[in-house]
Protein chains: 2
Amino acid sequence: MVDLQKVIDAKSYCYKLVEKSFEKNEMITSYIEKRKQIFILISGEATLIRYDVRGNKDIVDFFHEGSVFGEAFYNVYLNSEMSVIASKKCKVLTIMLDDVLKKCDSRCKNHDMLNELLLNLLFENTTHLNSRIEVITKRTIREKLLIYFKTLSIESYSPIIRIPFSLTDLADFLSVNRSAMMRELKALEDDGIIQKINKNRYKLLYR
Amino acid sequence: MVDLQKVIDAKSYCYKLVEKSFEKNEMITSYIEKRKQIFILISGEATLIRYDVRGNKDIVDFFHEGSVFGEAFYNVYLNSEMSVIASKKCKVLTIMLDDVLKKCDSRCKNHDMLNELLLNLLFENTTHLNSRIEVITKRTIREKLLIYFKTLSIESYSPIIRIPFSLTDLADFLSVNRSAMMRELKALEDDGIIQKINKNRYKLLYR
DNA sequence: AGTATAATGTTGCTTATGCAACATAAAACA
DNA sequence: TGTTTTATGTTGCATAAGCAACATTATACT
C-alpha cells in the first residue's frame, strides 16, 4: 500500500492536495452538482446525511479512516440535499477530480503514485459499499441488523461490536423505522441472539 | 480515459490479462472466498445473483459495459452464495487482484497504465454503487421505483426508459415483493405518473 | 449544579408490503 | 407447430413495519 504521507509530501505541479481539519458536528462538505471534489478521510469519523423533500433524514453512509467521498462519486439529484458531517474531530485531504483524471504531459511519478493510492482506497471503498448493499437489500429489520452486526464483528475480529453512532442514527442507516428497530433489538435479546453490553455495544451470540 | 485495447495489448510480465467469452445464461463466475479475481465486462450484460439460506433469490447487482466485479470486492460470507450470470452474450477480461496491487521491481509503464484504467473503472463503479444505495435506501416501493426510473432516464438522456431485466427480476433488484411491486406500478400508471409502453419500457411523466 | 436538549425505551393502532394462489400471456424449446 | 416453461397480472388475507405519542434516561450546555 502506498504511504499516504508520501503522497501528501510529494508536491506536484499537476495536482493539489489540501489538508483540512474539522471539529465534531462541523459540516465537511455538501454535495453540489458543479464541483468535483474528492475527499479522503485521514482520521476521525463522519456521516453522509440526506434530507429528502419531506424533511426525512437518512444516513446514507458512514466514513472512517481511509474512506473516500465527495460529490465526484454521486449523481447528484436536485430533489435531495446531501452533506457530510464530522461525527468526531476529522482530518481530511481534498483533491479535485479533474486533477486526478487529466494526463500530465510527461507522465510524472507523483501522479502515478497518487493514482496508486486512490486505486487502493477505491478498492476498499468498493468492498465497503458492497457490504452496505448486502445489508440494506435484506428484507426484514431483523436480517438487516444481524448482517450489519456480523460485518462489524468481522471487521473488529470480535463477537463484541460497537455501533459507530446512536441507535436513532442506526435506524436511519438501515433505513427502517426507529421504534420498529428498537422492538426488533429487544426481540433479538429475548431470543438470546444478541446481548446488550452498554449504550452502543452488543455481544453477538451467533455466528 | 485510458484505452482498454491498449492495456490488453500491452503484454507485461507483472500481470496477466485473460479475455473470455460467455453465452447467454452461462455462469461467468461464482464468488468463493479464496480467489481474488477481478472481472471487467467488455461487452454484454450480466447480473450478480445471491441465494440466501432459505433459497430466496436476490439480484444484488446488474453489470454492463465497463462494470467491474469479482469476489475481490466482496466480504464473502459463508451463508450466502453469489454468482454472476450472463444475461446476454458477454466478453470479459480477468486479472488477479494480487497482480494489480503488488509492486513490480522497476515501476513499469504498463502497470501504471493498468492502474489508471482500473482507477477510472472503479470511479464509475463507485458512482454506480452509490446510485444503487440511493435507490434501495428509499423506504417505499413507490419511491424506489421512481428514483430507479429517474436514474435510468438520466443515464439514457430520455424520459423513455428501458428496464434491463424482467419485472420479476426488477422486484428482486429493488428487494421488494413482486406482486406488491406490480400493484404499485399499476398505481403509478393510474396516477398518471408513468406510462407503460411495452414489456420493459416505460415513459416517465414526471421529472 | 441545574436546565435544556436529545437519545432510548415502550406501546396501541394503522398501513404498506409480503405471501400464496391463481389466471393469462409471452417466450423458449424441440 | 404444439408443448412446456417462464413472466405478467390480479386478488384476499396475514403480518411486519410504520407512525405517533409518551415516559424515562442520558448527554450537552451555561
Side-chain angles (χ1 to χ4, degrees), chain A residues 23-26 47 49 52 54-59 85-89 135-146 148 162-191 194-202, chain B residues 23-26 47 49 52 54-59 85-89 135-146 148 162-191 194-202:
Chain A
E23 293 304 312
K24 187 176 172 179
N25 293 326
E26 242 188 301
T47 51
I49 293 170
D52 69 14
R54 279 184 275 126
N56 292 323
K57 176 179 157 189
D58 270 316
I59 307 268
I85 309 289
S87 48
K88 291 186 176 178
K89 207 177 157 82
V135 170
I136 45 182
T137 49
K138 290 289 169 190
R139 313 276 175 117
T140 61
I141 294 181
R142 176 173 282 237
E143 279 182 301
K144 285 181 186 181
L145 284 168
L146 290 181
Y148 178 56
R162 169 195 156 250
I163 301 164
F165 25 58
S166 70
L167 294 180
T168 306
D169 283 356
L170 176 60
D172 291 334
F173 185 68
L174 300 179
S175 44
V176 297
N177 177 271
R178 187 186 63 85
S179 46
M181 189 194 75
M182 296 301 284
R183 193 157 40 203
E184 204 54 48
L185 276 172
K186 200 153 86 73
L188 283 168
E189 275 201 272
D190 291 347
D191 294 351
I194 63 173
Q195 189 185 321
K196 180 152 192 147
I197 293 178
N198 63 34
K199 197 152 185 52
N200 48 4
R201 249 171 254 274
Y202 281 88
Chain B
E23 291 305 311
K24 186 176 171 175
N25 293 327
E26 240 188 301
T47 50
I49 293 169
D52 68 15
R54 278 185 275 126
N56 291 324
K57 175 179 156 188
D58 270 317
I59 308 269
I85 310 289
S87 49
K88 291 187 176 179
K89 205 177 161 84
V135 171
I136 44 183
T137 48
K138 290 288 171 192
R139 312 275 175 117
T140 61
I141 295 181
R142 176 174 283 235
E143 279 181 301
K144 286 182 187 183
L145 285 168
L146 290 181
Y148 179 56
R162 169 195 156 251
I163 300 165
F165 27 56
S166 70
L167 294 179
T168 305
D169 283 355
L170 176 60
D172 290 334
F173 185 68
L174 300 179
S175 45
V176 297
N177 178 270
R178 187 186 63 85
S179 45
M181 189 194 75
M182 296 300 285
R183 194 157 39 201
E184 202 56 46
L185 276 173
K186 200 152 86 72
L188 283 168
E189 275 203 272
D190 291 348
D191 295 352
I194 64 173
Q195 189 186 321
K196 180 151 192 150
I197 293 178
N198 63 35
K199 196 152 184 50
N200 48 4
R201 248 170 255 273
Y202 282 89

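By convention in this document, chain letters (A, B, ...) are assigned in the order of the sequence lines, proteins followed by strands, and residues within each chain are numbered from 1.
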Test item: B:N200 side-chain N/O and B:I163 main-chain N/O as donor-acceptor pair under 3.5 Å = yes
ask   = Reckon B:K196 has a side-chain N or O less than 4.0 Å from the OP1 or OP2 of D:dG9?
value = yes
request  = Look at atom NZ of B:K196 and say whether more than 12 heavy atoms of other residues, nucleotides or ligands are closer to it than 6.0 Å.
outcome  = yes
Phosphate OP1/OP2 of D:dT8: any B:K199 side-chain N/O under 4.0 Å = yes
request  = Would you mind telling me which of B:V176, B:I194, B:L170, B:T140 makes a side chain to side chain contact (heavy atoms under 4.5 Å, CB included) with B:L145?
outcome  = B:L170
ask   = How about A:I141 and A:L174: do any of their side-chain heavy atoms sit closer than 4.5 Å?
value = no
message = From CZ of B:R178 over to P of C:dG18, roughly how many Å is that when rounded to an integer?
response = 12 Å
inquiry  = Between C1' on D:dT15 and CZ on A:R142, what's the gap in Å once rounded to a whole number?
reply    = 14 Å
task = Using a 4.0 Å heavy-atom cut-off across all strands, classify A:K144 as base, sugar-phosphate, or nothing.
result = nothing
message = Under 4.0 Å, heavy atoms only, any strand: does B:R139 hit a base, just the sugar-phosphate, or nothing?
response = sugar-phosphate
note = A:L167 has its side chain closest, among D:dA17, C:dA28, C:dT8, to C:dT8
task = Identify which nucleotide among D:dA17, C:dA28, D:dG12 has an atom closest to any side-chain atom of A:A180, counting heavy atoms from C-beta outward.
result = D:dA17
Length of the line joining B:N177:CG and D:dT10:P, which is rounded to integer Å = 15 Å
note = Quick note, B:S166 side chain, CB onward, closest among C:dG9, D:dT8, D:dG12 is D:dT8
query = Does A:T168 make a side-chain donor-acceptor contact with the base of C:dA6, cut-off 3.5 Å?
reply = no
ask   = Can you check whether B:L188 reaches B:R142 side chain to side chain, under 4.5 Å on heavy atoms?
value = yes
request  = Rounded to the nearest angstrom, tell me the gap between atom CG in B:L174 and atom C1' in C:dA16.
outcome  = 16 Å
query = From the list C:dT11, D:dT10, C:dT17, which nucleotide is the closest neighbour of the side chain of A:S179?
reply = C:dT11
query = Relative to the 5' end of DNA chain C, which residue comes earlier, B:S175 or B:N25, by the nucleotide with the nearest heavy atom?
reply = B:S175
remark   = Rounded to whole Å, CE of A:M182 lies from P of C:dG9 at a distance of 4 Å
key: Whole-Å distance separating the CE atom of B:M181 from the P atom of C:dC19   = 15 Å
query = Do the side chain of A:T140 and the base of D:dA17 come within less than 3.5 angstrom through a donor-acceptor pair of N or O atoms?
reply = no
message = Just the rounded figure in Å: distance from P of D:dA7 to CD1 of B:I59.
response = 10 Å
task = For B:R201 and D:dT8, give me the distance from atom CZ to atom P, rounded to whole Å.
result = 14 Å
